[in-house]
Amino acid sequence: METRPPRSRLTRRTFIAAASTTGTVVVAGAPGPTASGEEPARPPGPAAARGDGTTGRVTFTLNGRRTSLVVDNRTSLLDLLRERLDLTGTKKGCDAGACGACTVHVDGRRVNACLTLAVRLEGAEVTTIEGLARHGGLHPLQRAFVEQDALQCGFCTPGQIMSGVACIHEGHARSPDEIREWMSGNICRCGCYVNIVRAIGQAARGR
Amino acid sequence: MRDRQSFEFALTSAAVALHVRGGVVTDARIAAGGVGTVPWRLTAVEERLRGRRAAEPLWAHAAEAAAEGARPLARNGFKVDLLRRTVERQLRVVGGTP
Amino acid sequence: MSSQYPSAVGAPRPRADGRLKVTGQARYAADHGPDDGVHDLTHAVLVDATVGRGRITAIDTRAALAVPDVLTVIHHRNAPRLTYRDNPFPDSINPPGERLRAFQDDRVRFFGQPVAVVVATTLEAAQHAARLVEVTYDAEPPALDLATAPVDEPVEYSRGDVRDALAAAPVRLDATYRMARNHHNAMEPHAIVARWDGDRLTVWEKTQWVTDPRNELAAAFGIPQGAVRCYSRFVGGAFGNGGRTWVHSVAAALAAREVGRPVKLVLTRRQLFFGVGFRPAYDYRVGMGSDRDGRVTALVHDIVGETSTYERHEDDLALARMLYDVPAVRQEVRLARLNVNTPTWMRGPGWSTAANALEMSLDELAHELGLDPLELRMRNEPADDPSTGQPFSTRRLRECYAAGAREIGWHRRRPDGTRDGDWLVGLGMAAGAYPTERAPAQAHVRLDAGGTAVVRSATSDIGPGTTTSMAQVAADALGLAPWAVEFRLGDSAMPPAPVQALAWTMASVGSAVQSACGDLRRTAVELATGDERSPLYGEDPAAVVVRRGWMHPRDDPRRGETYQQLLTRNGRTHLEVTGGYEPPEESAFSMYAYSAIFAEVGVDSRLGMVRVRRLVGVFDAGRIVNPMLAESQAFGGMTGGIGQALLERTVTDTRDGRIVNAGLVDYLVPVSADVPEIRAIYLDGSDAEANPIRVKGLGEVVQVGVAPAIANAVFNATGRRVRELPIAPEHLL
């Protein structure tokens, strides 16, 4: 039996069309990334130099710094952080919005960075685990995670903490059951849930 | 109704809206999830509800019709029964138990 | 011991690396880049077979190569022949057989097998191009079913006359339990960054054992083991799947060599279901004979488990031989040769599988006899190990039962469960055990003139907190405060350590750390007692103790000096010692850690939903080095048990071997809402026979017995005996 698996129907063109219909502003042909403010210059993404409509310039605030760069339209916020900006604290656990390891804040709300196209971030304010606490200190929830041993391998931890901070701000941390429900999008395979719930409760009470 | 307690698509789900006047169901809209590629309106259940007294044993009787015409596949046959039970439970939640 | 400075061992110290982990600074395999000397990094993406068995007849890479930024596509037609020296145990944990090789032939052995790798300068380009590689197959029907696949000759165990014992038994039971395949699904996907410098290879690899990638990559490429360096400081969970080095690591290193640049390869979540290991599925038949008082007289275990067509992964299923005092036991284990990747260890390997079957069947027997399941177990508690006749080093299962029964409120249990609104409520329990294993290990300690120490060993920390607990052991052995000791791991150039698995790291590496640090302390003391300028000059070294870096005669805490003073005066920048642990060949004792698990579940009477309401685990695991970390491990193992009992299974498309739920959306692992308050209790104690640290190991036993306790609680609640794990609503309608 000869089996020929079908080719992916998702061509570059249909992908960009799909991206555009979700409200993406595609700016073509901008040469290389520019960095402003304190953001150090990054090596250009190889796609950046191409003027064929497959790249876009996006300017947003990342951990308090204005950042402007040209990205491949296919790039997720997660891959942008990890592969272009060396912000590897945000983790890729599933790349499908099913585990929460890549949770960051966009305009104050928790989102899965793996499901967020970078070109959609024009004007947005993005906070990652690296920007949660300023001046080298720890956010109260970061401290609570250490004190309650709410982590083991630590891989899901940045996502848990970003999600937990938002959970508290949303007012969804008023009881252990409420925390369990509103934190169920963040999987911890080491099974630290009992201590995560305690840590979030501790930080919520300390507000 | 799902395997996991949260953060999962439903095995079966039911949305129930009832108009009850004077203890009688005057109108009903019932839809089910997890049993088709789109949300499925259960008109047969709605028909059994209209004009009846909003009390036991109506809920079980109406829910019996939830899977009318369903053709399950080899490994999801349990959903036929589960759908009836889910609809019955949700009718009782919305309509009230005596 | 000085009352002023309690020992570090036994104290609930928070993780030494906690700050790095909560701030996102801890760097896992895929996080390595320019800061680690990895420049011009390229990205590799695997192309996976889309048939379950057969041959590749054609590969068309033109479309993939036409994608901008793509550097190459490597497959069996263009890959260089690799050396692939034999690399058997103990250099690796490769099971017996012919291991899967990276792009060396046209054979497809399982659905999802890597058949090509695309390398590009951007991840996006590599991902896109991987979808454009067209592979044509000559497909054959794969073997996928445990019940019908060819099986190997059985591995047999027997004691007593089972046939006679069964025939004579007034009560008999025969039941087959089916256990689904479980996938580790650590949150960190398998990942590797590979860089060549001439003939030398450096990798940052997700592994539970930095020695294994070193040896396996050296074997694959035909280079000396010393030419490979493997780093793995932080590991995002592994649960057994990071023990051996899988084919994708060779593919990444090969890709890096071909393009002449460093390569990063991260498996997708979907690929983790095909390309790495899993806990094999089992059909596990139990035959049991008992007298009317509940003394089990005969046990038969006929077991069929999964392995691949090319390697023989064998779980250790010996639990039924030693847990109860049964005179006649026969066990036959057969492995079915399936078109899957080779399975591997997963938390509580083998012992958890065996406990599922044994402990569910014992619950059935208790019900048959009208006996309390706890009482039934007490009646079969052995005095000595029935499989060897040896005395137990320590076995405190009765105490575990008593503590667990008290904590869960076992007296509330009714034979037919109780009711709470729509919920049927039940209580269940199960026991478990896991062998106390030990392996040779070495550690190096360096005490600096500043009075702080660094201890190093090539072990891992996949989550238990090894970095923290080893520093505690070292602190006590050196006579330093725990904050003055740093433990480093995860580098293949460090003194060798065994794979972090089998719950033997503290027993093995801990013993080596204690030995090395003790040697260093004695070296320093002897330097002082032989030094005319020291206040300790002329003292008997054996009578000198060290507390918080202060050396003094045991009976005179005020006369002495610090390590710092001694080293500075002698012009020494540091003292260093490499020490080791070599376990005895044989022991006169039978050594195990034990668990007693108690569960309370609610089952929706109409909808079949099962919810764990309470979970209590009591463990006899010897000395507990860090109660805080130990409790976390117990929470983790018990949470894993909830998954095994109620959620985790793969579903295979029988036409081609495709796993249809290969992702975290459809392969369900417990989320926060599934996990109630858990209580974990470790019996206070220590095991002097086990090893110098007196621990029995806890990382594995914490998951053994959890799933059957939950299953038995479901039976108590509903009266329905589901002989299949996981138990799903469809079983209970």
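Chain letters run A, B, ... following the sequence lines, proteins first, then strands; residues in each count from 1.
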Any donor-acceptor N/O pair, R181(C) side chain to R649(C) backbone, under 3.5 Å: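 Checked: no pair found.
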Which bit of [X] comes within less than 4.5 Å of chain B, counting heavy atoms only: side chain, backbone, both or neither?
X       : result
L664(C) : backbone
L733(C) : both
V669(C) : both
D666(C) : neither

If only side-chain N and O atoms count, and only distance matters, is there a donor-acceptor pair under 3.5 Å linking T12(B) with R2(B)? no
Classify the side-chain pair H184(C)/N241(C) by whether it contains a donor and acceptor separated by less than 3.5 Å.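 Yes, because at least one side-chain N or O of H184(C) sits under 3.5 Å from a partner of the opposite role on N241(C).
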Who wins among K79(B), R75(B), E8(B) for the most heavy-atom pairs under 4.5 Å with chain C?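 Heavy-atom pair counts peak at E8(B).
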Given L11(B), T86(B), L82(B), the one with more heavy-atom pairs under 4.5 angstrom with chain C than any other is L82(B)
Aromatic rings H183(C) and Y667(C): how do their planes relate, parallel, tilted or perpendicular, breaks at 30° and 60°?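 If you compare the ring of H183(C) with that of Y667(C), the planes turn out perpendicular.
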Could you tell me if the ring centre of F111(C) sits under 6.0 Å from that of F274(C)?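 Centroid distance F111(C)-F274(C): below 6.0 Å, so yes.
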Name the region of R89(B), side chain, backbone, both or neither, that has any atom closer than 4.5 Å to a heavy atom of chain C.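 Contact with chain C is through the side chain of R89(B) alone.
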Would you check, one step at a time, whether the test side-chain contact (heavy atoms from CB on, under 4.5 Å) holds for F715(C) with D363(C)? CA-CA 9 Å; F715(C) 174 77; D363(C) 202 66; 3.9 Å; yes
